[in-house]
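Read through the structure below, which is laid out as C-alpha cells, and then see the notes.
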Amino acid sequence: MRNPLPRVAAIHDLSGFGRCSLTVVIPILSTMGFEVCPLPTAVLSSHTAIEGFQLFDLTPQLPGFIKHWKDLGLRFDGIYSGFLGSAQQAAMVSDFIDFFSSPDCLVVVDPVMADFGKLYASMPPEMVGEMRALATKAHVITPNITEAAFMLGREVPESMTEDEVKEWLLALADLGPVKPVITSLPLANKPGQSWVAAHNHEDGRFWVAKRPLVPIQYHGTGDMFSSVLTGSLLQGDSLPVALDRSCQFVATAIRATFGYSGLGHNEILLERVTPTLATPPESSGYDLLP
Ligand code: PXL
C-alpha cells in the first residue's frame with residue numbers, strides 16, 4: 001500500500017542555531033505535504049561555521065535507530081541525506097538506501113562537506129571519498145561548486161563557461177546519479193547573477209536557472225535549495241521546474257531578509273516565506289543550455 005502522505009527519510013544533523021539541516025528540511029518538506037522522518041546524524045549547538053560549536057556525533061546510535069525502522073517495516077517515498085556526523089556514516093547511509101529504497105523511491109544525496117574552496121570545520125578529509133561513493137547510490141545530487149570539484153578531484157574554478165558547466169555535470173553523472181545539479185556556479189561574463197545548473201542523463205538535456213545576485217551570503221541557503229528541489233521532484237515536477245522553484249524560493253527568502261537592517265548571516269527569515277511552498281508552482285524562468 002502507498003503511504004497516504006508521502007514519507008521522506010531525512011538523514012541530516014540537528015543544529016540548534018544557524019538555520020540549516022533539519023531545522024530547514026523539516027519545515028520545507030512538511031509545508032510541501034510530506035511526512036518527514038528525521039534520522040539525525042549529529043546534534044550541534046550551531047552549525048560548524050560559528051566558533052565554539054558543540055557537536056555530538058550520533059554514529060554509534062545510527063545502527064540501532066535504523067534497525068528499529070527496519071523492525072517497524074517503514075517504507076519511504078524519498079530518502080534525502082545531507083551533513084554526516086562522521087565519514088563512517090556514509091557507508092551506513094549507503095546500506096540504508098540499499099535496504100529501504102524501492103523502484104518508486106527518490107534518493108537525493110546532498111554531499112554537504114565544503115564551501116568557498118574549503119572543507120567545513122568538522123569534516124575529515126576522508127569524507128570526500130565517502131561522499132563520492134555515496135553519490136553512486138543517488139538519483140539526484142546537489143553539490144555546490146566546491147563540493148563538485150572535490151568529488152571530481154579537480155581544482156575549484158574561479159570562473160566557468162557554459163560548456164565547462166555541461167562537462168562538469170556529465171562528469172558527475174558518470175559517478176552514478178542520473179540527475180546531477182551544481183549550485184553556486186562562478187559563471188564567466190555573468191557578474192551579478194547567481195546560477196544553478198542541472199543535467200538529466202536520461203534525455204541528455206542541460207538546464208539552468210538564474211537570479212540576480214543579492215550582495216549577501218546567508219547560511220543554510222544550500223539546504224533550503226536541496227530541500228525544495230527534493231520536495232518538488234517528489235511532487236512530480238520536471239527537473240527544470242524543480243530547479244526553478246528551488247532557485248526562486250532561495251531568492252525570495254534572501255530578499256525577504258535583506259531589506260531588514262541588522263539581521264546577520266545566520267538569520268535568514270525562512271518562516272516568512274515557507275507558505276509560498278504550499279501554493280502551486282509559479283514559473284519564474286529556466287533555460288535550456290544549448
Ligand atoms: O548548511 C550545511 C551545514 C549543515 N550542517 C552543519 C553545517 C553546515 C555548514 O556549515 O556546519 C552542521
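Remember, it's 1-based here, ligands and their atoms both numbered in the order they're listed. Basis for what follows: all heavy atoms, side chains included, without hydrogens, waters or symmetry-related copies.
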Value for OG1 (Thr41) from CE (Met92), rounded to nearest 0.5 Å, stands at 11.5 Å
Partner of Thr142 by side chain to side chain contact (heavy atoms under 4.5 Å, CB included), out of Pro180, Ser226, Pro177: Ser226
Side-chain donor-acceptor pairs of residues 272-280 under 3.5 Å, sequence neighbours excluded:
| unit_1 | atom_1 | unit_2 | atom_2 | d |
| --- | --- | --- | --- | --- |
| Arg272 | NH2 | Tyr260 | OH | 3.4 |
| Thr274 | OG1 | Glu271 | O | 3.4 |
| Thr276 | OG1 | Val273 | O | 2.7 |
| Thr279 | OG1 | Thr276 | O | 2.8 |

Residues lining ligand 1 [heavy-atom distance under 4.0 Å, listed by chain and residue number]: Asp13, Ser15, Cys20, Ser21, Leu44, His47, Thr48, Phe83, Val112, Tyr120, His219, Asp223
Review item, side-chain donor-acceptor pairs of residues 129-139, under 3.5 Å, at least two apart:
| unit_1 | atom_1 | unit_2 | atom_2 | d |
| --- | --- | --- | --- | --- |
| Arg132 | NE | Met151 | O | 2.6 |
| Arg132 | NH2 | Phe150 | O | 3.4 |
| Arg132 | NH2 | Met151 | O | 3.4 |
| Thr136 | OG1 | Ala133 | O | 2.6 |
| Lys137 | NZ | Ser94 | OG | 2.6 |
| Lys137 | NZ | Asp98 | OD1 | 3.2 |
| Lys137 | NZ | Asp98 | OD2 | 3.1 |
| His139 | ND1 | Val107 | N | 2.9 |

Do NZ/NE/NH1/NH2 and the carboxylate oxygens of Asp287 and Lys210 come within less than 4.0 Å? yes
Would you give me the side-chain donor-acceptor pairs under 3.5 Å for residues 239-250, sequence neighbours excluded?
| unit_1 | atom_1 | unit_2 | atom_2 | d |
| --- | --- | --- | --- | --- |
| Asp244 | OD1 | Arg211 | NH2 | 2.5 |
| Asp244 | OD1 | Gly285 | N | 3.3 |
| Asp244 | OD2 | Ser283 | OG | 3.4 |
| Asp244 | OD2 | Ser284 | N | 2.9 |
| Asp244 | OD2 | Gly285 | N | 3.2 |
| Arg245 | NH1 | Gln235 | OE1 | 2.8 |
| Arg245 | NH1 | Asp237 | OD2 | 2.6 |
| Ser246 | OG | Leu229 | N | 3.3 |
| Ser246 | OG | Ala242 | O | 2.5 |
| Gln248 | OE1 | Arg211 | NE | 2.7 |
| Gln248 | OE1 | Arg211 | NH2 | 3.3 |
| Gln248 | OE1 | Ser284 | OG | 3.3 |
| Gln248 | NE2 | Thr252 | OG1 | 3.3 |

